[in-house]
Amino acid sequence: MKTVLTNDPLEAAEFIKRGGIVAFPTETVYGLGANVFDEQAVAKIFEAKRRPADNPLIAHISDIGQITTLATEVTENAEKFIQIFFPGPLTIVLPKFDAVPYIATAGLDTIGVRMPRFELAHRLIAACGVPVVAPSANLSGRPSPTTWHAVAEDLDDRIDCILQGDPTEIGLESTVVDCTGEVPLLLRQGAVSLEQLKAIVPETRPYEATAHEQPKSPGLKHRHYSPTAKVLILDHKFEISNIESGAAYIGVNERGDRFQVTRICRSTDEYAQSVFEFFRECDRKGIKTIYCEMVEETGIGAALMDRLRRAAKG
Ligand code: TXA
Ligand code: MG
């Protein structure tokens, strides 16, 4: 199929209404969207991305009222987070409503719900008239796309349409918090930090899978965010004794070493915003090793270090 490029959210919404799949920008990363209630359309997402069927999708809403079409209950803690962080880069996991097909939740009885704050995303979802399930719009395992060019690089001719927007503001995927139990569990770090969640519900804690339990966030066990190049995490005081050719560096501190490709970011925010695109740029240039400076794990720095560690695992 030929992928249509547009910057009109109404044109893009028509594809979703007719059972197609559309990539669109949010404040975190680009998503690949379909009507949550259309099983065949949701199946197309898994096929286009080559996504493992056991990895659940997030449903995106344009209006708080839509939650009742997705979840049987908005728990007390969820309500508190929604008050503060919706719309924004936070996904809340709730008990799923019957009408949500199991293909969207990968067989789970829960559903992740997020309300993007990015205007273009909001207009697209509102025009669809239904919640839109959307994973990141990359081929499974590759770095998430933060530009529409990155979406096209992975998915051109595999999806119906790309809604073109600017590079995404945050650059890392949303924070995911499970609110189905008494204690909120942080499943994935993102721009909303654990400290910020704790300020609202102090008991909130990171989720740790026990040996006997099914992992709560199946997606986390899959290979993630990896460029083809090897990723190494670097303390800025650490000296690299012998830089091989085909090495690249990204960080906030300048280094004396000579790399083939270098990206110095003005802040941790900018580092987070540009790291996935930098990984892609390195792959395009045939870079073999990417040195990534470690950052302090506060605020967005915690999410950034999480993604760097996953990328380093390959
Ligand atoms: O920022 C984002 O969240 C982006 C944009 C497009 O909104 N989306 C995104 O989707 O990153 P994806 O599919 O790449 O990541 C979804 C994550 C996975 O780790 C998945 O396992 C988890 O959310 N997840 C989704 N539904 C879940 C559920 N019901 N229970 C537990 N984890 C869930
Ligand atoms: Mg993803």
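Quick note: residue numbers are just sequence positions, from 1. Remember, it's 1-based here, ligands and their atoms both numbered in the order they're listed.
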Original post:
Heavy atom under 4.0 Å from ligand 1: found in L187's side chain, backbone, both, or neither?
Top reply: side chain
Original post:
At a 4.0 Å threshold, what atoms of ligand 1 neighbour a non-hydrogen atom of L108?
Top reply: 28 (C), 29 (N), 30 (N)
Subject >> Sub-4.0 Å atoms of ligand 1 with respect to non-hydrogen atoms of V29 >> reply: 4 (C)
Subject >> For ligand 1, the portion of R51 having any non-hydrogen atom under 4.0 Å away >> reply: side chain
Subject >> Test log, rule ring pair (Phe, Tyr, Trp, His ring centres under 6.0 Å), inputs Y30 and F24 >> reply: CA-CA 5 Å; Y30 274 71; F24 62 98; 8.2 Å; no
Original post:
With respect to atom 10 (O) of ligand 1, which of S174, S140, P135 exhibits the smallest heavy-atom separation?
Top reply: P135
Original post:
Within 45° of the ring axis of F85 and under 6.0 Å from its six-membered ring centre, is that where the NZ or CZ of K80 lies?
Top reply: no
Subject >> T110 contact mode with ligand 1 (heavy-atom cut-off under 4.0 Å) >> reply: both
**OP:** Please identify each residue that fulfils salt bridge (charged side-chain N to carboxylate O under 4.0 Å, His left out) with R280, with sequence neighbours left out.
**Re:** E153, D154
Original post:
Cut-off 3.5 Å, side chains only: do S267 and D269 have a donor facing an acceptor?
Top reply: no
**OP:** Measure the distances from the heavy atoms of T105 to every atom of ligand 1 and state whether one is below 4.0 angstrom.
**Re:** no
**OP:** Mind running side-chain contact (heavy atoms from CB on, under 4.5 Å) on I92 and I82 for me, showing each step along the way?
**Re:** CA-CA 8 Å; I92 295 183; I82 288 168; 3.6 Å; yes
Original post:
Quick check: does S136 put an N/O/S atom under 2.8 Å from the Mg ion (ligand 2)?
Top reply: yes
Subject >> Close-contact set for ligand 1 against E173 heavy atoms, below 4.0 Å >> reply: 1 (O), 2 (C), 11 (O)
Original post:
Have R142 and N138 got a donor and an acceptor in their side chains that come within less than 3.5 Å?
Top reply: no
**OP:** Decide whether an N or O pair under 3.5 Å exists between Y30 and ligand 1.
**Re:** no
Donor-acceptor contacts under 3.5 Å from residues 116-129 side chains, at least two apart:
residue: R117; atom: NH2; partner: E169; partner atom: OE2; Å: 2.9

**OP:** Determine, step by step, whether E173 and S144 satisfy the side chain to side chain donor-acceptor pair (under 3.5 Å) criterion, reporting the C-alpha distance in whole Å, the side-chain angles of both residues, the deciding distance to 0.1 Å, and the verdict.
**Re:** CA-CA 8 Å; E173 309 84 347; S144 291; 2.5 Å; yes
Original post:
At a 4.0 Å threshold, what atoms of ligand 1 neighbour a non-hydrogen atom of G31?
Top reply: 6 (C)
Original post:
Could E27 and R114 be called an ion pair, given the rule that one side-chain N must be under 4.0 Å from one carboxylate O?
Top reply: yes
**OP:** For ligand 1, note which part of N55 has a heavy atom under 4.0 Å away: side chain, backbone, both or neither.
**Re:** side chain
Subject >> Whether H60 lies under 4.0 Å from ligand 1, heavy atom >> reply: yes
**OP:** Would you mind listing which atoms of ligand 1 come within a distance below 4.0 Å of any non-hydrogen atom of S136?
**Re:** 8 (N), 9 (C), 10 (O), 12 (P), 14 (O)
**OP:** Salt-bridge test for E244 and K230: reply yes if a basic N is under 4.0 Å from a carboxylate O, no otherwise.
**Re:** no
**OP:** Compare A23, G112, P25, P56 and give the one whose heavy atom is closest to atom 24 (N) of ligand 1.
**Re:** P56
